[in-house]
Structure formats: structure tokens, C-alpha cells
Protein chains: 2
Amino acid sequence: MGEATIRDVARRAEVSVASVSRALNGLNNVRGETRERIVAAAKELGYVPHAGARSLSLARAHAIGVVLPDLHGEFFSECVRGMDREASRRGYVLLLSNMHDDSEQSAAALRTMRGRVDGLLVMAPHITPESLERALPAALPAVLINAPGEVAARPALRLDNHAGAHAMVEHLLAGGYRHIVHIAGPESNVDAQERLQGYRDALAALAPDMPVRVIAGDFNEEAGEAAARQILASHEPCDAVFAANDMMAIGCLHTLRQAGKRVPEDIAVAGFDDVPLARYLALTTIEVRIAEIGARAVSRLVDMLEGKGPGGGVELYAPELIARATTAARTGATAHG
Amino acid sequence: MGEATIRDVARRAEVSVASVSRALNGLNNVRGETRERIVAAAKELGYVPHAGARSLSLARAHAIGVVLPDLHGEFFSECVRGMDREASRRGYVLLLSNMHDDSEQSAAALRTMRGRVDGLLVMAPHITPESLERALPAALPAVLINAPGEVAARPALRLDNHAGAHAMVEHLLAGGYRHIVHIAGPESNVDAQERLQGYRDALAALAPDMPVRVIAGDFNEEAGEAAARQILASHEPCDAVFAANDMMAIGCLHTLRQAGKRVPEDIAVAGFDDVPLARYLALTTIEVRIAEIGARAVSRLVDMLEGKGPGGGVELYAPELIARATTAARTGATAHG
DNA sequence: CGGCCGTCCGTAACCGGTTACATAACCTTT
DNA sequence: AAAGGTTATGTAACCGGTTACGGACGGCCG
């Protein structure tokens with residue numbers, strides 16, 4: 001037995017479907033006595049409106065599609081949590097679809113969203129603007145999060161990775177560290193690219209005589225471990241490691257310590273993201289308030305949907321440096337000594 | 001301007017909507033030449049089928065509603081990740097709705113799912129079976145995760161919290177610890193209740209002469225810190241703490257260490273969940289493979305939806321103890337010395 | 001009393017797909 | 001050549017809501 005429909009309610013209350021719809025949606029052109037009969041009938045039948053049908057006739061689904069890449073743990077949940085909080089506050093529900101880096105699959109994911117959501121939140125740090133542009137249904141409002149480049153005047157939220165990395169290099173130099181190695185993220189990831197560039201630019205601006213040294217990584221812990229082994233085996237001097245994210249920093253930290261190195265006395269370690277782990281390991285890092293960004297993305301999208309906002313424009317989020325023990329200043333250090 | 005509809009495609013290809021539908025859905029009763037014309041027209045218009053309309057006429061949304069309580073970070077994302085993986089593998093998409101403990105709000109959340117999802121995944125460790133029963137649309141298939149009690153023959157997945165807690169107490173006793181304090185979770189949370197009961201039962205069975213001592217908590221880190229302060233201030237002996245979850249164990253661990261206690265020499269600490277942090281802090285805990293449970297829940301639900309499975313029945317997941325340094329055995333300890 | 005207005009309510013079209021059924025064209029078969 | 005079968009396509013009903021439009025009714029006015 002399927003659920004009761006509006007027609008069942010109409011039959012039971014001995015009115016037309018139009019009256020049921022009006023009564024249940026709180027329109028005022030229904031007589032009090034009729035409304036009561038309808039409400040009673042609806043309750044007796046346990047009637048719940050069919051959201052799908054409703055959204056079809058209203059051309060409004062009150063749902064937001066969320067397309068995220070494969071994020072590491074905490075990051076993902078924080079992002080979704082922020083979105084969910086704001087979405088439910090504004091009467092929307094979230095339709096989730098992970099985008100497993102395959103760009104073909106991503107396009108398919110976006111496709112299945114059409115007709116069930118009013119707008120899209122897309123986080124795609126590893127997709128080129130062109131293919132994203134192509135995959136996005138043109139008529140669907142969308143807010144981009146950390147997308148590379150500008151995509152067809154879509155509003156976007158971007159984390160200021162460059163500023164964050166710059167601040168970190170500055171912090172390390174101020175702490176007296178001179179030979180700073182960077183463990184980079186995936187080459188195709190725009191966050192990783194910007195952090196790398198921030199590192200390069202900061203070094204060029206603040207300590208042009210110091211060597212630029214980059215070890216490739218992929219944002220995973222193992223990459224950090226591998227980088228640490230490489231640093232240990234190398235003859236080149238290195239007194240600080242700045243990893244493009246916390247997980248690599250953590251892997252690096254562990255391997256260095258297991259090899260007998262003292263952190264930060266022998267070598268400093270810093271990350272990026274401020275995952276909860278960072279606090280416990282006293283890891284210096286850059287705080288990324290991802291939940292806030294998620295919430296803000298929803299807010300902007302809903303504003304667009306409800307015609308309240310201009311839409312366009314890129315909002316930049318400045319992250320904050322959190323100094324902890326793994327980069328404690330060297331004793332007797334001077335900023336440029 | 002609105003997206004192109006099937007009628008636009010039909011007009012452009014000079015056929016009827018029925019043919020378009022048939023061609024695009026791969027039915028074989030369309031002439032090759034006609035099919036090509038239709039496909040070409042669809043591509044030219046950038047036609048994407050309207051999932052809402054489709055699900056209305058098919059009475060199939062290929063979507064699964066997920067209702068979760070406010071979970072702490074990693075736990076949430078792991079759960080959703082497991083679900084998403086399995087869902088996308090089987091061609092479904094996830095509709096997410098956090099259930100912020102308010103039971104009224106939860107009912108509303110469930111209500112908005114009707115007509116947009118084919119089935120429900122509900123994790124509700126803090127809702128009574130009766131109100132859950134009342135809130136669940138009767139005709140919607142649902143799989144319950146860690147729900148208290150049995151709800152109207154709904155299939156369910158349950159974590160064997162009792163066995164996990166029992167194993168932990170056994171492990172601590174075997175390590176030579178005698179005075180084991182339990183930091184409990186929220187009273188209304190069924191996971192917390194079962195863990196507490198497991199602690200009590202294990203102690204009664206294995207060390208009936210040892211005191212049962214429970215400190216109230218709420219699953220948050222702060223509760224662990226408060227519990228640690230209480231233990232430090234108390235005159236009662238205590239050589240081991242078993243917290244109902246990792247976050248409280250971590251809070252406790254920190255506070256104990258900051259107070260100068262050595263762990264595990266002065267006092268052992270154990271948790272429950274195996275959050276990623278646990279590994280780094282060398283915290284002994286009980287591994288809960290939540291992603292696996294999430295994936296399994298999706299799998300069972302989809303089986304039900306596609307008439308492949310019997311549906312009913314409770315599946316119990318046995319968690320595994322992971323012994324780490326915070327509960328290293330006392331030197332010279334014997335199991336019952 | 002006739003006309004006008006406002007309130008309440010029902011009929012039916014519509015949202016964008018799917019599909020049962022009808023139909024037309026063409027191919028066999030006897 | 002007529003009957004019967006097959007195949008490709010179109011027509012229209014349907015999924016479950018919303019809502020424009022119009023009709024019925026009662027009250028009020030001149």
C-alpha cells in the first residue's frame with residue numbers, strides 16, 4: 001500500500017484537491033470549518049506531501065546539490081557540517097555526491113542533480129575551469145569553492161592559500177630557521193599549487209639567498225613519511241619543513257622523531273589546515289575554517305536562489321597562522337640573522 | 001531561459017516525446033536513423049533529463065535519505081564516506097539531513113524526505129523506539145543504525161558495544177589494573193548505555209571484588225578533562241580510566257599528564273571508537289569500523305529496494321580491541337593477582 | 001429587484017518525464 | 001491479393017502535487 005496522496009485526503013474530507021492544497025499550505029481562502037475537516041482527514045490518513053511532486057509543479061526543490069572531492073576525514077565532515085547547519089536554517093536539504101577525481105564521473109554526478117536541486121555547491125580543486133564549465137548545467141545556479149581560475153562568472157569562495165603559505169614562511173624565518181623545505185601537494189590541486197607559490201614568493205621576497213627546495217607529495221601521510229626519509233638521507237642542510245597540509249606534516253613529524261631527530265630543536269615542522277590532530281601534536285599550522293566557508297557558500301547560494309544577492313564575485317578567506325611547539329623559535333634567533 | 005525539456009528535443013528532432021524517451025533510455029524499438037537524430041538534437045540542446053520528473057513517473061528516485069545525529073568529526077565523515085561509496089556504486093545518491101537532537105525537528109526532517117528518496121538510513125542512538133516509529137513514514141523502507149530496541153521489524157545494524165566494553169575491561173584487568181573508573185556517555189545515548197553495561201557486567205563477572213565507579217560524561221573532550229580533575233581530587237584509588245569514547249579519553253589523558261601523572265605507569269587510559277587521533281596518542285581503544293557499517297547499511301537498503309533481500313533482522317558488528325601504549329601491562333602483572 | 005462584489009470552492013491545465021495502447025507502414029504467407 | 005505479423009512511431013493518460021480560472025452563493029448597494 002503506497003502512502004496517501006492528496007486525492008485520498010480530498011476524498012475523505014469530501015472536498016477537491018485544490019482545497020486540500022490550499023488548506024494545508026495555509027492559504028487564507030478556505031473556510032475555517034472546511035480547513036478543519038481537511039486537517040483532520042490528513043492526520044487520520046497520515047498524509048505527508050510528496051516532495052518530488054511538489055518540487056516539480058513549483059519548479060523549486062528546496063534542495064542543494066553538494067559535490068565534493070575525496071576529502072580527508074575531518075575536513076570533509078567539517079565542511080558538510082557547516083553547510084548542513086546553514087541549509088537547514090534556511091529550509092534546504094543537502095544532496096550529496098562525492099566526486100571521485102574521475103572527471104567523467106563528476107560530470108555524471110552533476111547530471112543526476114538536474115531537476116532535484118535548485119543550485120549547486122561545487123568544490124573542485126583539481127578540475128580545470130574548462131571541464132568544470134562544460135560539466136555544469138548552464139541554468140543551474142552554482143557557488144564554487146576553491147575552484148581553480150574563474151568559471152563563467154560563477155560566484156566563488158576561495159581560501160587564500162597564498163597568503164597562508166606566505167605567513168608560514170615568514171613565521172619560520174622569524175623563528176630563526178633558514179633552510180626551509182616544502183612538501184608539496186598534488187600538482188593538479190589548485191590549493192597545493194597556491195601554497196607552493198606562496199612558499200616560493202615568500203622565500204624570494206624575504207630570504208632571496210636561501211635555497212628553494214620542494215619535495216613532491218600527494219596530501220597523504222605516507223608522502224610526508226617519504227619526504228622525511230628523503231630529507232634524512234640527503235646531505236643538503238634543512239632545519240625546517242613546511243608541508244602543504246597537516247597529514248603530510250604529521251607523517252613527516254613521526255618519521256623524523258623515530259629517526260631520533262628532535263623537533264623543533266633539530267628541525268621544525270609545520271603544516272596547513274589545522275586538523276584536530278594538529279593541536280594534540282602541537283603542530284604549527286594554518287587554520288582553515290572550513291565549516292564557516294561551507295556555511296557561507298550555502299548562504300550565498302540561497303541568497304542567489306531567492307533573488308536576494310547579486311551572486312557574482314570571488315570571496316577570499318584569509319586563514320590564520322597558529323604557532324605551536326613544532327616551530328618554536330630558535331634560542332637567540334633573529335629575524336634575519 | 002530554463003533548461004531544454006524532452007519536448008524541445010522532440011520538436012528539434014521532429015519526432016514525438018515518446019521516441020525521445022525511448023531513444024535516450026536505450027530501448028531497442030527505435031530505428032537507428034531516428035535514434036541518431038534524437039541523440040544529436042539532445043546534444044545540441046544540452047539536454048539533461050529532469051531527475052525530479054523522472055522519479056515522479058517512475059516512482060523511483062534512486063536516492064537514499066540519510067538522517068544522522070550530531071556526530072563528532074571523524075565519525076560523521078567516515079560514516080558518510082562509507083555510505084557514499086556504496087551508494088554511488090549502486091547508482092544511488094544521498095540526501096543528507098542532520099537530526100539535531102530535537103525530536104520534533106527530526107520528524108520534520110523525515111517528513112521532507114517523502115517523495116524524494118526511496119528509502120531511509122537512520123542513525124538515532126538517542127531517540128526512543130516509539131517516537132522513531134511514529135516519525136518514520138510507514139511505507140518508506142528504512143535501515144536503522146545503532147537504534148535502541150527494535151523498531152517495528154525494521155532491519156537494523158548494531159554495534160556490539162557491550163562486547164567491546166567487556167573486552168576492554170578484560171584487557172585492563174589482564175594488564176594488572178585493579179581500580180577501573182568508567183567515564184560514561186550521555187544517559188540517553190544507547191551506545192553509551194551499552195558500553196556502561198558492558199563495563200559493569202565485565203567487572204561483576206571477572207573482578208567482583210573490585211569497585212564499580214562511574215563518572216558522568218557527554219562524549220565531549222571537556223567531560224574527559226572534568227573527569228580527570230575529579231579523579232585527581234578524589235582519595236579513592238584509581239589506576240585505570242576507561243572512557244566511553246575516545247574524545248573523552250583524550251581529554252582525560254591530557255589533563256592527567258598536565259597534572260604530572262605518567263600514563264600508563266601511574267594510571268592507564270582507554271577509549272572507544274579508534275578515531276585517527278587515537279593512533280597518534282597511542283591510546284588503547286576499540287575499533288569501530290563505521291565506514292563499513294555505513295556501506296553495509298546502504299547495501300542492505302538497496303537490496304530491499306530492489307527486492308533482492310529479505311530485509312528484516314538485526315546485524316551485530318563486533319568491534320575489535322586495539323591495545324596501545326596507554327594501557328601497557330604493569331610489570332609483573334598477573335591476570336588475577 | 002438587478003447588478004456588483006467578495007468569499008469559498010471545484011475543474012482542469014500544467015510541471016517533465018514514462019509507457020500502454022493505437023496506428024500506420026511494410027513484410028510474409030497462402 | 002487478402003490476411004496476419006512485425007516494427008517504428010505517435011497520442012494521451014499518468015505520477016502527485018499547484019494554481020489560473022470560473023461558477024455558485026450570499027450580502028450589499030442603488
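Below, chains carry the letters A, B, ... as their sequence lines are ordered, and counting in each starts from 1.
- As a whole-Å value, the separation of B:Leu45 CG from C:dG17 P is 12 Å.
- Residue A:Arg7 places no side-chain N or O under 4.0 Å from the OP1 or OP2 atom of D:dC14.
- Where B:Arg35 and A:Val17 each meet DNA chain D at their nearest nucleotide, the meeting point lying more 5' is that of B:Arg35.
- Residue B:Thr5 places no side-chain N or O under 4.0 Å from the OP1 or OP2 atom of C:dG16.
- If you take OG on A:Ser16 and CZ on A:Arg22, they are separated by 6.0 Å, rounding to the nearest 0.5 Å.
- Of the side-chain N and O atoms in B:Ser16, one or more sit less than 4.0 angstrom from OP1 or OP2 of D:dG10.
- Mapping A:Asn29 and B:Gly52 onto DNA chain C by nearest heavy atom places A:Asn29 closer to the 5' end of the strand.
- For the atom pair B:Ile64 CD1 and A:Leu96 CG, the distance stands at 12.0 Å (nearest 0.5 Å).
- Under 4.0 angstrom from either OP1 or OP2 of C:dC8 there lies no side-chain N or O belonging to A:Thr34.
- Between the side chain of B:Arg116 and the backbone N or O of A:Ala61, at least one donor-acceptor pair lies under 3.5 Å.
- Between A:Arg37 and A:Glu33 there is a salt bridge, with a side-chain nitrogen of the basic residue lying less than 4.0 Å from a carboxylate oxygen of the acidic one.
- At whole-Å resolution of the value, CG in B:Asp8 and C1' in C:dC15 are 13 Å apart.
- Rounded to whole Å, atom P of D:dA24 lies 17 Å from atom CZ of A:Arg31.
- Judged by distance alone, with hydrogens and angles left aside, the side-chain atoms of A:Arg158 form no donor-acceptor pair with the main-chain N or O of A:Leu144 at under 3.5 Å.
- Among the atoms of the strands shown, none is found under 4.0 Å from any heavy atom of A:Ser55.
- A donor-acceptor contact under 3.5 Å is not formed by the side chain of A:Arg54 with the base of D:dG16.
- Comparing atom distances between the A:Leu56 side chain and each of D:dT18, C:dC15, D:dT9 picks out C:dC15 as nearest.
- Set against D:dG10, D:dT18, C:dG10, the side chain of A:Ala18 has C:dG10 as its closest nucleotide.
- A:Ile6 has its CD1 atom 12 Å from the P atom of C:dG10, to the nearest Å.
- Using a 4.0 Å heavy-atom cutoff across all strands shown, B:Ala59 reaches no nucleic acid atom at all.
- Across the protein-nucleic acid pair, A:Leu27 atom CG and C:dG10 atom C1' stand 15 Å apart, rounded to whole Å.
- Ranking D:dT18, C:dG16, C:dT19 by closeness to the A:Asn25 side chain, first place goes to D:dT18.
- Picking from C:dG10, D:dT9, C:dT18 the nucleotide with the shortest atom distance to the side chain of A:Arg22 gives C:dG10.
- Rounding to whole angstrom units, CG of residue A:Leu58 and P of D:dG16 are separated by 16 Å.
- Here the side chain of B:Pro49 is nearest to one of D:dG16, C:dG17, D:dT18, namely C:dG17.
- For B:Asp303 and B:Arg90, the salt-bridge test passes: some basic side-chain N is under 4.0 Å from an acidic carboxylate O.
- The distance between atom CD of A:Glu33 and atom C1' of C:dC9, rounded to the nearest whole Å, is 13 Å.
- With C:dC8, D:dG17, C:dT19 as the candidates, the nucleotide lying closest to the side chain of A:His50 is D:dG17.
- Among the protein residues, B:Arg60 comes within range of no part of the nucleic acid, since none of its heavy atoms lies under 4.0 Å from any strand.
- Counting non-hydrogen atoms under 4.0 angstrom, B:Ser19 reaches the backbone sugars and phosphates but no base.
- OP1 or OP2 of C:dT18 has at least one side-chain nitrogen or oxygen of B:Ser21 nearer than 4.0 Å.
- One interatomic measurement links the two molecules: CG of B:Leu24 to C1' of C:dG16, which rounds to 13 Å at whole-angstrom precision.
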